[in-house]
Amino acid sequence: MNLPHNVGTLTPAEILLADDSPSDVLMTREALEQARLLNNLHVAQDGEEVMDFLRQTGRHKNAPRPHLILLDLNMPRKSGREVLAEVKADPILRLIPIVVLTTSGAEADVLDAYGLHANSFVTKPVDFENFAQAIRSIERFWFTVVTLPNTP
Amino acid sequence: MIRGVESGRCGPEGVTEAACERFFDLAPDMLCVCGADGYFKRVNPAFHQMLGIDPNEFLKHSIVEFVHPDDRAETIAELEQLSLGRSAIGFKNRYRCADGTYKWLSWRAILDPTEGLIYASAHDVTEQYEAHQRLQALATELSRSNAELEQFAYVASHDLQEPLRAVAGCVQLLQQRVGDLLDGRSKELIAHAVEGATRMQTLISDLLAYSRAGSGGRPNEGADPRAAAERAIAQLRSAIDESHAVVRCAPMPPARADFQQLVQLFQNLIGNAIKFRGAEPPQIDIGGETRDGHSVFWVRDNGIGIEKQYHNRIFGVFQRLHTRQEYPGTGIGLAICKRIVERNGGTIWIESDGAHGSTFFFTLDQGNKP
């Protein structure tokens, strides 16, 4: 089991990105590569795949437990919203912090996400510079400022 | 006037029986007498004129017979109330005509307990009722249409963001990766591509703001426009300080409007007054007064003014009179102002000779309508 305070320096941070937009995934990857944090980025393109990864089933049998989930709300099949509800209802999975990272900034969506116990909500900026800054801030906050829980 | 009354005459004691008979026959409304047993005893000619049914037919049937099935229970309940001594005013039900259609009738009735008879009069309100139904249908349709439009605007703006980010973001990344290898012209091309995408994003969020402007507001009877103007001024503090603007706010009459929308309205107008300034620091006067029972407000500036030929155009969506290099902005501000004012039941206009500043006026209801 990884000791939380080594994550990102001695051992890589396992980050699960749930997003069906290839361009957004690419930009997230670029932003994280530019970060000083040691990280492995895993990508799931729809809600079903996210749950497979988290439950270590299907083609994700050997998936590591992620330290952080970046979750887009608009995904095909199972939506980000459904994933959020399901993960936060699971006594073990809900310990993993979830940052909702999505296009919408609408009041209703924000309230809804926090109501379902999202740990935070970030509206994706449109241009790369701001987008990259947002990603780096998220990663810096969750891996250097915050203390993560020990999860089995 | 009725001529030739045969017996008796109309005197101060009241109308004679013959005159009553005349009125009974003449009345455009349906008049009738019913027994406490629920059967018609007497009906006037209007019954036949309105419903097309032979008057004698009525006398064979109970009152309820011709009433629309859905209205019968209520009619019976109303008759019970009458028998207990309460008079009926404005009770409505549907009566069947000879051709099978129904008319809406509004009744007045009272029981004479000594005679055991009910005296009743009915007025045909079918036209009003149908007009009301049409109005309700239109209102529902309008409401539905508005909701659809708002959803369309939301979805369209929302779904346009991701491909925009793909364009802007990836071109910027390209700029980062190979920028140094490019010549001046290529760098310029990339800069234009990025700027185009980011500008598109601003246009989309402005369109979204426009579609939401003036909607979902909670109109407040006697909202305080001066407080709204002062809030707007507070929010524009840095622009005011930067431009050394002098903003004066006079007392204002009340307005029936949503407070937040009023703030947005003032903020757009005052913001424009600051932005489109001339060589002098902006002098902005805000005030209002009561005219013809409405509240009229104004925002007056000493800026560059707007020529008469453009006075209508400026309220259009994304309409601008200058290039982006001259003055920033997408041209949505006044369109939003217009939408807010109109959705709160008012009108907005400008007075300007194109050289000595502009004054924007808008009206709003004062509320407290009877």
Side-chain angles (χ1 to χ4, degrees), chain A residues 17-36 41 43-47 70-76 79-81 99-113 121-139, chain B residues 147 149-180 182 187 189-218 258 260-261 264 330:
Chain A
L17 172 62
D19 197 323
D20 71 326
S21 157
S23 51
D24 284 346
V25 167
L26 187 55
M27 285 196 282
T28 307
R29 207 182 278 285
E30 278 280 339
L32 286 172
E33 272 169 23
Q34 291 176 15
R36 276 179 296 170
L41 183 65
V43 179
Q45 291 190 306
D46 63 55
L70 301 175
L71 179 67
D72 190 303
L73 291 178
N74 305 343
M75 283 191 293
S79 71
R81 196 188 172 279
V99 175
V100 170
L101 180 63
T102 193
T103 309
S104 170
E107 187 74 37
D109 290 331
V110 177
L111 276 171
D112 193 41
F121 189 107
V122 177
T123 304
K124 290 182 192 173
V126 133
D127 70 291
F128 178 72
E129 260 321 301
N130 289 325
F131 184 88
Q133 255 181 51
I135 297 288
R136 284 194 288 270
S137 300
I138 291 169
E139 157 241 67
Chain B
L149 268 166
E150 283 181 21
Q151 196 198 36
F152 174 78
Y154 172 84
V155 166
S157 328
H158 204 258
D159 293 332
L160 292 175
Q161 305 274 7
E162 192 251 343
L164 254 190
R165 189 170 43 250
V167 170
C170 292
V171 170
Q172 278 174 316
L173 267 173
L174 205 58
Q175 200 176 35
Q176 268 184 26
R177 293 167 86 92
V178 301
D180 296 334
L182 298 175
K187 284 192 191 163
L189 289 170
I190 289 195
H192 278 298
V194 170
E195 199 242 334
T198 41
R199 194 159 31 94
M200 175 102 180
Q201 202 255 346
T202 312
L203 286 169
I204 288 176
S205 64
D206 280 353
L207 203 59
L208 206 60
Y210 174 73
S211 78
R212 285 200 217 113
S215 73
R218 274 165 256 123
D258 178 274
Q260 282 309 321
Q261 291 173 11
Q264 192 182 12
T330 56

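First the proteins, then the strands, lettered A, B, ... as listed; each starts at 1.
The part of A:Asp109 that comes within reach of chain B is its side chain, from C-beta onward, which places non-hydrogen atoms under 4.5 angstrom from that chain. Interface residue B:Gln161: backbone and side-chain heavy atoms are both found under 4.5 Å from chain A. With a 4.5 Å cut-off on non-hydrogen atoms, A:Asn74 touches chain B through its side chain but not through its backbone. For B:Gln176, the part lying near chain A is the side chain, with the backbone staying farther off; criterion is any non-hydrogen pair under 4.5 Å.
We find the CG-NZ distance between B:Asp180 and B:Lys187 to be 6.0 Å, quoted to the nearest 0.5 Å. Between A:Arg81 atom CZ and A:Leu73 atom CG the span is 9.0 Å, to the nearest 0.5 Å. Separation of atoms OG1 (B:Thr202) and CE (B:Met200) is listed at 10.5 Å; rounding is to 0.5 Å.
In the displayed structure, B:Gln151 atom CD is contacted under 6.0 Å by at most 12 heavy atoms of other residues, nucleotides or ligands.
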Requested in this report: Would you please test A:Leu32 and A:Ile135 for side-chain contact (heavy atoms from CB on, under 4.5 Å) and show each step?
Outcome: CA-CA 7 Å; A:Leu32 286 172; A:Ile135 297 288; 3.8 Å; yes
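Taking chain A as the reference chain and counting heavy-atom pairs below 4.5 Å, the highest number among B:Val171, B:Leu164, B:Val167, B:Leu173 is found for B:Leu173. Interface check for chain A: of the options B:Pro163, B:Ala197, B:Ala166, B:Ala168, the most heavy-atom pairs under 4.5 Å are formed by B:Ala166.
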